[in-house]
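Atom set for the values below is all heavy atoms of this structure, side chains included, hydrogens, waters and symmetry mates excluded. Just so you know, residue 1 is the first one in the sequence shown, and it goes up from there.
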Amino acid sequence: MAPVSTRSGLGAAVTVTRWSRAATAAAAISVLALAVLAALPYLAGTGITQALVTLFLLVSMAALWNLLAGYAGMISFGQQAYLGIGAYLVWLVSKTGVSPFAGIAVAAAGCAVAAVPIFAVLRPLSGGYFAVATWVVATCFFLYVTNQLWLGGGTGVSLAGQLSGLPPVVRQAYTYWLALALMAVIVAGVYLLVRSRFGLDSRAVHDEPAAAAATGVEVQRTRWLAYILAAMGFGAVGGTLIISTLYIDPATVFGVNYSADMLFMVVIGGIGTMEGPIIGAVIFFAVQEKFSSYGAWYLVAIGAVAIVVVLTTPGGLWGIAARRGWSLLPVGYRVRDVPPPGPGGAASPAGAAAGGGDDD
């Protein structure tokens, strides 16, 4: 967005911007990184691409959970319900002969439909009551699927037969590209959403719903939109998850561990920011890769990182950079003084020093 010059009430000229040189550089690097990552299946083995699929799904889940908790103010411990619904929908669609990859769209749409009656029940709740209620919903889905033999019961379901026609290397490459595209769409979609009118409304709802309603914000519409869009995203992630692992069981896919992982990633990265959840997902992935083979030490490492970050940087790791004025994915507005013109219409050196510089 181009800078807009105006004058304040005191007559001083100011410039309102939503972008910066740092943001431009970050966008260019991101596009380049996506191009390199897209070519990776031709350059690296399946061991690397399989690990990156996990990272892509973690980033997607962190961005979606941050949309709910960081922007719309709805802390949920039950988004794994939509991971499970999406995974089982892909499995059911594949049994009809449809490609599981095409079933991702069905998973997203099915979760959007399921989210409507679920949120209708959860809508009156807030705070801790809402968080616990979402966990109860996920537990209800777990109990239902566990007792339904046509859904595999407690033993789970497999996609190995439906994808047996693809060579393993080709299947892994397709899965990798699917996870990469899903991450790009979710992160970009959340970013564009919070830069829109919804972003302003959601942050007002997050801070004080009553005050937001008094100023004309449609609180319930904002919460509905955030919840349903997050459900769609989690459904697509769940569908990708079963394609990646070829097998799921209700105890795992509906487990609260996913919520703990999302909470960890968003909190240590920086809740309510675009950059924070991405950083948190990368850190969580690195700790998971390093310590997962050490049994209980993996949980100790995760807990130690969380404790250190919460005690030293309550705003998350990205909060440190944000306090220094850094913004790689800006979502708000910045107001800067415009230096007064010097003799002959040129900006004076003192004014240029006061008002110039990058906006990041």
W135, CH2: over 12 other non-hydrogen atoms inside 6.0 angstrom: no

Within one Ile-Leu-Val-Met-Phe-Trp-Tyr cluster: L34 and I29, side-chain cutoff 4.5 Å: no

Single-linkage hydrophobic cluster L192~V185, side-chain heavy atoms < 4.5 angstrom: no

Single-linkage hydrophobic cluster, 4.5 Å side-chain cutoff, L143 and V132 together: yes

Side-chain heavy atoms of L151 within contact of W91, under 4.5 Å: yes

Separation of L246 CG from L159 CG (nearest 0.5 Å): 6.5 Å

Aromatic F130 / basic R123 pairing, under 6.0 angstrom, 45° off normal: no

Verify same cluster id: V169, L178 (apolar side-chain graph, 4.5 Å): no

Nearest-0.5 Å distance that lies between atom CG in L122 and atom OH in Y129: 15.0 Å

Heavy-atom side-chain contact between M265 and P277 under 4.5 Å: no

Shortest non-hydrogen contact between V190 and M274, atoms and distance: CG1-SD, 3.9 Å

Interatomic distance, Q172 atom CD to L163 atom CG [nearest 0.5 angstrom]: 11.5 Å

Hydrophobic cluster partners of I307 (side-chain heavy atoms under 4.5 Å): L311

Over all atoms of both residues, closest heavy-atom pair of W177 and P41: NE1-CG, 3.7 Å

Pair Y71 and F198, ring centroids less than 6.0 Å apart: no

Nearest non-hydrogen partners of P250 and Y88, listed with the distance: CD-OH, 3.3 Å

CG-CG distance between L180 and L52, expressed to the nearest 0.5 angstrom: 9.0 Å

For R221, salt bridge (charged side-chain N to carboxylate O under 4.0 Å, His left out) partners two or more places apart: E218

From CG (L263) to CD1 (I75), nearest 0.5 Å: 8.0 Å

CA sep, side-chain torsions, deciding dist, call: F284, M262, side chain to side chain contact (heavy atoms under 4.5 Å, CB included): CA-CA 10 Å; F284 178 80; M262 297 173 211; over 6 Å; no

For the student: nearest non-hydrogen atoms of F56 and A179, plus distance: CB-O, 3.7 Å

CA sep, side-chain torsions, deciding dist, call: Y176, L37, side chain to side chain contact (heavy atoms under 4.5 Å, CB included): CA-CA 9 Å; Y176 173 86; L37 288 171; 3.5 Å; yes

Steps toward side chain to side chain contact (heavy atoms under 4.5 Å, CB included) verdict (I302, F264): CA-CA 8 Å; I302 292 291; F264 174 87; 3.6 Å; yes

Side-chain H-bond candidate by donor/acceptor type, Q79 with S259, under 3.5 Å: no

Non-hydrogen atoms of L58 and Q288 that approach each other most closely: CD1-OE1, 4.2 Å

Indicate every side-chain donor-acceptor pair of residues 234-244 with a distance under 3.5 Å to a residue at least two apart or in another chain.
unit_1: T240; atom_1: OG1; unit_2: A236; atom_2: O; d: 2.9
unit_1: S244; atom_1: OG; unit_2: Q50; atom_2: NE2; d: 3.0

Atom pair OG1 (T139) and CD (Q80), whose distance is rounded to the nearest 0.5 Å: 7.5 Å

Can you give each donor-acceptor pair under 3.5 Å made by side-chain atoms of residues 97-118, sequence neighbours left out, with the distance rounded to 0.1 Å?
unit_1: S99; atom_1: OG; unit_2: F101; atom_2: N; d: 3.2

Worked check of side chain to side chain contact (heavy atoms under 4.5 Å, CB included) between F254 and L83: CA-CA 7 Å; F254 290 110; L83 291 177; over 6 Å; no

Sequence-distant partners of E289, salt bridge (charged side-chain N to carboxylate O under 4.0 Å, His left out), two or more places apart: none

V253 reachable from V93 in the ILVMFWY side-chain graph, under 4.5 Å edges: no

Y247 OH: over 12 foreign heavy atoms closer than 6.0 Å: yes

T222 (side chain) donor-acceptor with S202 (main chain) under 3.5 angstrom: no

Contact summary for I48 and A44, nearest pair of heavy atoms: CD1-CB, 3.9 Å

Pair up each side-chain donor or acceptor in residues 62-69 with any protein partner under 3.5 Å, not counting sequence neighbours, and list the distances.
unit_1: W65; atom_1: NE1; unit_2: S76; atom_2: O; d: 2.8
unit_1: N66; atom_1: OD1; unit_2: G272; atom_2: N; d: 2.9
unit_1: N66; atom_1: ND2; unit_2: T273; atom_2: O; d: 2.9

